[in-house]
2 protein chains.
Amino acid sequence: MYSRSEEDHIKAVHGLLEDAGQASTTGIAERLRTRASSVTDMLKKLAAKGMVRHTPYHGATLTTKGRRHALALVRRHRLWETFLVERLGFGWDEVHEVAEQLEHVSSGPLIERLDAYLGHPRFDPHGDPIPDAEGRMPERLTAPLTEAAVGVRHRLVAVKDGSDALLRLLDGKGLTLGRTFTLVARQEFDGSLQVGWKGGGCDLSAQVAAHLLTEPIDA
Amino acid sequence: MYSRSEEDHIKAVHGLLEDAGQASTTGIAERLRTRASSVTDMLKKLAAKGMVRHTPYHGATLTTKGRRHALALVRRHRLWETFLVERLGFGWDEVHEVAEQLEHVSSGPLIERLDAYLGHPRFDPHGDPIPDAEGRMPERLTAPLTEAAVGVRHRLVAVKDGSDALLRLLDGKGLTLGRTFTLVARQEFDGSLQVGWKGGGCDLSAQVAAHLLTEPIDA
DNA sequence: AACGATTTTTAGACATGTCTAATAATTGTT
DNA sequence: AACAATTATTAGACATGTCTAAAAATCGTT
């Protein structure tokens, strides 16, 4: 139905609207490692197909149809990433490329069965929310670690902006996404925050802690 | 590395060499639902890349490199089919299209992990052999049902030529691939053969029976 | 062995998606 | 408000993969 390239452009527009509130021609070109002129061509094409609204010299936005398709792509991408990590044992930092290919495999039944097989996960291994089949994003009760209640068990569910670099740094400290822990104390002692969990704990700079999103355990 | 279309042509050449012993331009065009002239173009291209030997007016054969790639594609296709049927619960007759897309996803680690996840299956849900990572096909100790020993437990492992129509007909009689049964008797009684299994059995025409490949249970 | 039918290749056209270079619009600064 | 810098679009080229129509080679018959 839609070519690989068309889908890549739709996803880029969607991502930029989320991240920056607007999708400029250059922005899209940078995401896709292509040229602005190529993007202009594609935006015209997608506008003709009713996926995108393109105001020349003022970037693009998604139509309802375009948004629906973008969310379907995000859904596919995140479900495949979940499969690759949880079932095939890949590291969360190894799966993006492959998921990028798998997300273009087009079959409704495939993705719905995969979703069921994985137990209808609501968040992917990076902590990003997985839209449901109708494009609805799951709600989250998260708060930055710096605002979480002391003495309560929490789960580390995501990192602000999904920074892989930060995620990697945390892995080194034994802090992985999905890990549960109890916040032992919060004190601006020399700009550091103590986090405790079963069998361990670590100190974090307040700056790092502000980027960590946690959720009370029962939620 | 190789485009979707290049891979489709390589697989078509491989399939025709297996089925018919030769791969003619028209034969390839029919498999791919394309035109002979397009195939000629692609054969020239693949010959230049060292995947295929193309003798003008005399069809194509695969080089060692081409055969290796073709077997890798067959491996991917059959592993994905196995995943779709055994894990996602698709019927064996629903998976071809999707596997056709999945087989072009290119990632060595992906396919080796998938293989391990599935328990290194040697045959796919259609009963077709799955080449290993080096392109070796598993051996089979099969014999047509009409030559199988009476009174011994057998497993139905494949159907000659992999005919989907025949497979479907058998499904109707309660005979599915992978089913085990004991051959109760073999007698040319009115051209029919009796097959018995736990809780049942059925009569088959001798003609149908000759197409069924069985394997002694322990093998 | 020659001829007609079939198969294959070549030649030239077209669609898609990309690029560079040139042009046009917008933006920020003075 | 005007101009330089930035950003976007257009124009024209090219690669890939496909097609139709025409020409060339092969095959099957007699």
Side-chain angles (χ1 to χ4, degrees), chain A residues 1-17 19-62 66 69-70 73 100-101 103-104 106, chain B residues 1-17 19-62 66 69-70 73 100-101 103-104 106:
Chain A
M1 197 60 178
Y2 296 103
S3 74
R4 163 94 200 232
S5 179
E6 287 172 332
E7 291 194 333
D8 284 340
H9 281 79
I10 291 166
K11 230 183 56 160
V13 172
H14 181 260
L16 285 165
L17 290 174
D19 294 357
Q22 55 168 281
S24 69
T25 304
T26 325
I28 298 166
E30 276 166 9
R31 281 221 174 190
L32 302 181
R33 300 166 149 281
T34 179
R35 299 295 182 175
S37 58
S38 309
V39 172
T40 301
D41 290 346
M42 190 53 90
L43 288 181
K44 278 197 228 165
K45 186 176 176 187
L46 289 174
K49 289 196 177 188
M51 301 296 281
V52 137
R53 258 177 307 263
H54 180 217
T55 320
Y57 295 101
H58 294 282
T61 58
L62 291 173
H69 198 76
L73 290 169
E100 201 74 15
Q101 292 185 60
E103 79 190 12
H104 296 288
S106 122
Chain B
M1 196 60 178
Y2 296 103
S3 73
R4 164 92 200 234
S5 179
E6 288 173 330
E7 292 194 333
D8 283 340
H9 281 78
I10 291 166
K11 229 182 57 159
V13 172
H14 180 261
L16 285 165
L17 290 174
D19 293 357
Q22 56 168 283
S24 69
T25 304
T26 325
I28 298 166
E30 276 166 9
R31 281 220 174 192
L32 302 180
R33 302 169 147 279
T34 180
R35 298 296 182 173
S37 58
S38 310
V39 173
T40 301
D41 289 348
M42 189 53 88
L43 289 180
K44 278 196 228 164
K45 188 177 174 186
L46 289 174
K49 288 196 177 189
M51 302 298 279
V52 137
R53 258 177 306 265
H54 180 217
T55 320
Y57 294 101
H58 293 283
T61 57
L62 291 173
H69 197 76
L73 290 168
E100 202 74 14
Q101 292 185 61
E103 79 189 11
H104 295 287
S106 121

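Just so it is clear, the model here is predicted, and its values are computed rather than measured.
- Residue B:His69 is tested with B:Lys11, B:Glu7, B:Glu6, B:His14 for a side chain to side chain donor-acceptor pair (under 3.5 Å); the sole match is B:Glu7.
- Nearest nucleotide to the side chain of A:Thr25, out of C:dC19, D:dT9, C:dT18: D:dT9.
- B:Leu43 and B:Ala60 make their closest contact through CD2-CB, 3.9 Å (heavy atoms, listed as atom of the first residue, atom of the second, distance).
- Looking only at atom types and distance, the side chain of B:His58 has no donor-acceptor partner in the side chain of B:Gln22 under 3.5 Å away.
- In this structure, CD of B:Glu30 is placed 14 Å from P of C:dT6, rounded to the nearest angstrom.
- Listed nucleotides C:dT20, C:dT10, D:dT9 differ in distance to A:Ala36; the shortest reach to its side chain belongs to D:dT9.
- The side-chain heavy atoms of B:Ser5 and B:Met42, taken from C-beta on, include a pair separated by under 4.5 Å.
- Of the candidate nucleotides D:dT18, C:dT9, D:dT10, D:dT18 has the atom lying nearest to any side-chain atom of B:Met42.
- Environment of CZ in A:Arg35: sparse, with no more than 12 heavy atoms of neighbouring residues, nucleotides or ligands closer than 6.0 Å.
- Between the P atom of C:dT16 and the NZ atom of A:Lys44 lies a distance of 14 Å, rounded to the nearest Å.
- Look at CD1 on B:Ile28: it is 13 Å from C1' on C:dT7, rounded to the nearest Å.
- When each of C:dT26, D:dA25, C:dT10 is scored by its nearest atom to the side-chain atoms of A:Tyr57, the top-ranked nucleotide is C:dT26.
- Whole-Å rounding puts the A:Arg4 CZ to C:dT18 P distance at 11 Å.
- Residues from residues 46-53 of chain B placing a heavy atom under 4.0 Å of any atom in DNA chain C do not occur.
- As rounded to whole Å, 19 Å separates atom P of C:dT10 from atom CZ of B:Arg35.
- For B:His58, whose side chain is taken as the heavy atoms from C-beta onward, the closest listed nucleotide among C:dT10, D:dT18, D:dC27 is D:dC27.
- Residue A:Pro56 places its side chain closer to D:dT9 than to any other of D:dT9, D:dT18, C:dT18.
- A:Leu43 places its CG atom 12 Å from the P atom of C:dT18, with the value rounded to the nearest Å.
- Between C:dT18 and A:Ser38, no contact under 4.0 Å exists linking OP1 or OP2 to a side-chain N or O.
- Closest contact between the side chain of B:Ser37 and the listed nucleotides D:dT9, D:dT20, D:dT18 involves D:dT20.
- The listed nucleotides are D:dT10, C:dT10, D:dC27; the one nearest the side chain of B:Asp41 is C:dT10.
- The OH-C1' distance, from A:Tyr2 to C:dT16, rounds to 17 Å in whole Å.
- Scanning all heavy atoms of the two residues, the minimum distance from B:Gly27 to B:Leu16 falls at C-CD1, 3.5 Å.
- Among the protein residues, A:Ser5 comes within range of the sugar-phosphate backbone only, with heavy atoms under 4.0 Å from sugar or phosphate atoms but none that close to a base.
- For B:Thr61, the side chain to side chain donor-acceptor pair (under 3.5 Å) partners two or more places apart in sequence, or in a different chain, are B:Arg53.
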